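Below: the structure, in structure tokens.
Keep in mind that what you see is a predicted model, and the values were worked out from it rather than measured. One-based numbering, in listed order, for ligands and for the atoms of each.
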Amino acid sequence: MGKGFDIGLEALAAGSATARETPANAGSGARGTFFLETFGCQMNDHDSEKVAGVLLARGYRQVQSPEAASVILYNTCSIREKAAQKVFSRLGEFRAQPNEGRMIGVLGCLAQQEGEDIFERAPWVGLVCGSASYSKLPELLAQWEAGQRRVTGLETDTEETFETEMTRRDNPWRAYLTIIEGCDKACSYCVVPYTRGPERSRSSAAVLAEARQLADLGYTEIQLLGQTVNSYRDPSPRGMRFAELLLAAAEVPGIRRVRFTTSHPRDFTPDIVQAIEAQPAVCEHVHLPVQSGSTRVLRAMQRTYTREEYLEKIALLRSARRAISVTTDFIVGFPGETEEDFQETLSLLEAAQFDGAFSFKYSPRPNTPAQTMADAIPEEEKSRRLAMLLEKQREIQTARNAALVGQRFEVLVEGKSRRQNQWAGRTSSNRMVNFTSPVAGLLGQYVQVQVSSAGPNSLAGEAVQE
Ligand code: 5AD
Ligand code: SF4
């Protein structure tokens with residue numbers, strides 16, 4: 001994020017105007033008010049947009065503080081211990097306050113993971129519901145409205161996806177669109193298969209109908225979402241492959257950009273690269289978490305690919321006709337990770353030349369196979385490895401971004417600075433660009449920007465006057 005920029009603040013505050021439909025009773029406040037805070041990933045952000053839609057459709061009105069709300073919801077994350085702690089500390093804030101007819105609900109991954117234990121730890125909580133049960137939310141809310149004080153939705157064996165008639169989207173130009181929910185991979189460190197349940201793909205017809213609807217509402221960029229988005233399998237007889245779906249979504253009139261996240265290396269096939277090459281509207285960015293550069297550690301993580309196989313995918317991406325930006329995730333300090341394993345991670349980092357990386361210290365999670373693995377790495381050693389990784393990646397990003405100075409990129413403008421003529425947006429490769437333009441009203445527009453300087457996390461330049 002560029003210095004001094006409130007990207008999105010002004011722009012995104014207008015988000016509530018982007019509801020897909022406005023039911024007659026939306027915002028009437030007939031049933032009271034709700035506050036919704038979201039933790040975690042983009043999947044959670046988008047789930048919250050759908051949850052907000054469900055509540056608005058039931059006549060609730062959204063408010064910006066828990067104090068003003070009759071229903072307080074936390075959509076939670078449990079990917080690492082810290083994320084879970086944050087939620088419990090948030091819930092703890094209500095310890096000394098009487099409930100007085102107010103409902104506090106815990107949604108999402110921590111809800112699924114802890115289940116009814118949440119009622120024991122925080123007896124003031126009235127609803128616990130995991131993401132695989134969101135299609136039952138209206139029913140669960142009705143139970144609470146009817147006076148039931150401990151309502152749960154905790155099934156994960158469902159085959160359902162969360163379909164809503166109304167989604168209250170936060171961003172007026174870029175819309176998330178779920179194509180696959182849950183996860184069938186079994187990475188040994190990860191809670192997601194437990195918290196989000198098994199893989200469920202939506203039919204290609206439903207996905208494309210939603211894309212058309214979004215275009216009609218004025219969205220120009222859509223972001224296809226899934227924990228393993230490229231594991232998509234069309235359940236309908238049409239049997240579209242993920243790459244075909246990408247192309248079909250990109251052809252929807254009005255849609256100028258299609259993003260997708262997160263890709264799993266195992267299912268990352270050459271036809272995805274071909275789709276990016278063939279269709280300029282498919283964004284030139286792939287998020288491809290590697291987690292480790294050591295085949296030994298990858299095996300212990302049950303990632304189902306080797307270092308060499310991963311690097312082959314990178315070679316495929318780097319040989320494409322478009323300059324596809326590649327970002328990744330790393331976990332350092334997995335149980336048993338030796339100095340030699342870690343050096344392999346550093347050398348993979350060097351070899352792959354990522355355009356961005358999210359790096360984390362391994363955090364043991366309940367019910368996962370890795371939780372009980374021997375040879376835990378001491379916290380200080382994890383911190384040392386993380387710092388080295390971050391430093392090296394920063395150098396790589398600095399050099400890679402510096403090489404873009406002098407080039408021109410199309411930017412979707414998403415933010416406006418307080419400073420005059422200063423704007424910010426993203427390239428197709430998902431790079432943040434801060435730029436100057438004397439033209440007014442650029443929010444939501446596509447602008448050509450000439451890059452004049454670069455830092456490790458963003459580019460800067462001037463709009464090209466056409
Ligand atoms: N500890 C640390 N990081 C984790 N991630 C997932 N599970 C854990 C864990 N137990 C990281 C992975 C994943 C990203 C979303 O979070 O890198 O790609
Ligand atoms: Fe967190 Fe994973 Fe759940 Fe997203 S899916 S909210 S990252 S635990």
task: Determine whether the side chain, the backbone, both or neither of I79 has a heavy atom under 4.0 Å from any heavy atom of ligand 1.
output: both
message: Among all protein heavy atoms in this structure, tell me which lies nearest to atom 7 (N) of ligand 1, with the distance rounded to 0.1 Å.
response: Y189 CD1, 3.3 Å
field: E159 atom CD, neighbour heavy-atom count above 12 within 6.0 Å
entry: no
query: Would you say R299's side chain and T304's backbone share a donor-acceptor pair under 3.5 angstrom?
result: no
message: Can you report which non-hydrogen protein atom sits closest to atom 18 (O) of ligand 1, along with the distance?
response: D329 OD2, 2.6 Å
message: Suppose I only count heavy atoms of R365 and a 4.0 Å limit; which atoms of ligand 1 are within that range?
response: 10 (N)
message: Under 4.0 Å from a heavy atom of V192: which atoms of ligand 2 are those, numbered in the order shown and with their elements?
response: 2 (Fe), 5 (S)
message: With the threshold set at under 4.0 angstrom, would you say S78 reaches ligand 2 through any of its heavy atoms?
response: yes
- request: Kindly check if the number of other-residue, nucleotide or ligand heavy atoms within 6.0 Å of CZ (R121) is above 12?
  value: no
message: Checking Y362 against E337: is there a side-chain donor and acceptor pair closer than 3.5 Å?
response: no
task: Could you tell me whether R196 approaches ligand 2 through its side chain, its backbone, both or neither, with non-hydrogen atoms closer than 4.0 Å?
output: side chain
query: Roughly how far, to the nearest 0.5 Å, is the CG atom of N44 from the OG1 atom of T195?
result: 8.5 Å
Test item: side-chain donor near acceptor, S231 and D267, under 3.5 Å: yes
message: Check for me whether Q227 has a heavy atom closer than 4.0 Å to any atom of ligand 2.
response: yes
query: Any salt bridge between E381 and R385, counting N to O under 4.0 Å?
result: yes
message: For F360, which part has a heavy atom under 4.0 Å from ligand 1: side chain, backbone, both, or neither?
response: side chain
query: How far is atom 1 (N) of ligand 1 from its nearest protein heavy atom, and which residue and atom is that?
result: S363 N, 3.0 Å
task: Would you tell me whether D47 and S131 have side-chain atoms, one donor and one acceptor, within less than 3.5 Å of each other?
output: no
task: Could you tell me whether some N/O pair between Y362 and ligand 1 is separated by less than 3.5 angstrom?
output: no
message: Going by the closest heavy atom to atom 17 (O) of ligand 1, which one wins out of Q291, M301, Q371, K361?
response: Q291
statement: Ranked by distance from atom 4 (Fe) of ligand 2, the top protein heavy atom is C41 SG, 2.2 Å
- prompt: Is the shortest distance from a Lys or Arg side-chain nitrogen in E163 or R200 to a carboxylate oxygen in the other one below 4.0 Å?
  reply: no
- prompt: Taking only heavy atoms of R80, which atoms of ligand 1 are found under 4.0 Å from at least one of them?
  reply: 1 (N), 2 (C), 3 (N), 4 (C), 5 (N), 11 (C), 16 (O)
query: Are any N, O or S atoms from C77 nearer to atom 4 (Fe) of ligand 2 than 2.8 Å?
result: no
query: Looking at R384 and E339, does any basic side-chain N land under 4.0 Å from a carboxylate oxygen?
result: yes
message: What protein heavy atom lies closest to atom 6 (S) of ligand 2? Include the residue and the distance to one decimal.
response: N44 ND2, 3.2 Å
- prompt: Counting distance only, does the side-chain N/O of E160 pair as donor-acceptor with the main-chain N or O of S135 below 3.5 Å?
  reply: no
- prompt: Would C109 count as a contact for atom 1 (Fe) of ligand 2, in the sense that one of its N, O or S atoms lies under 2.8 Å from it?
  reply: no
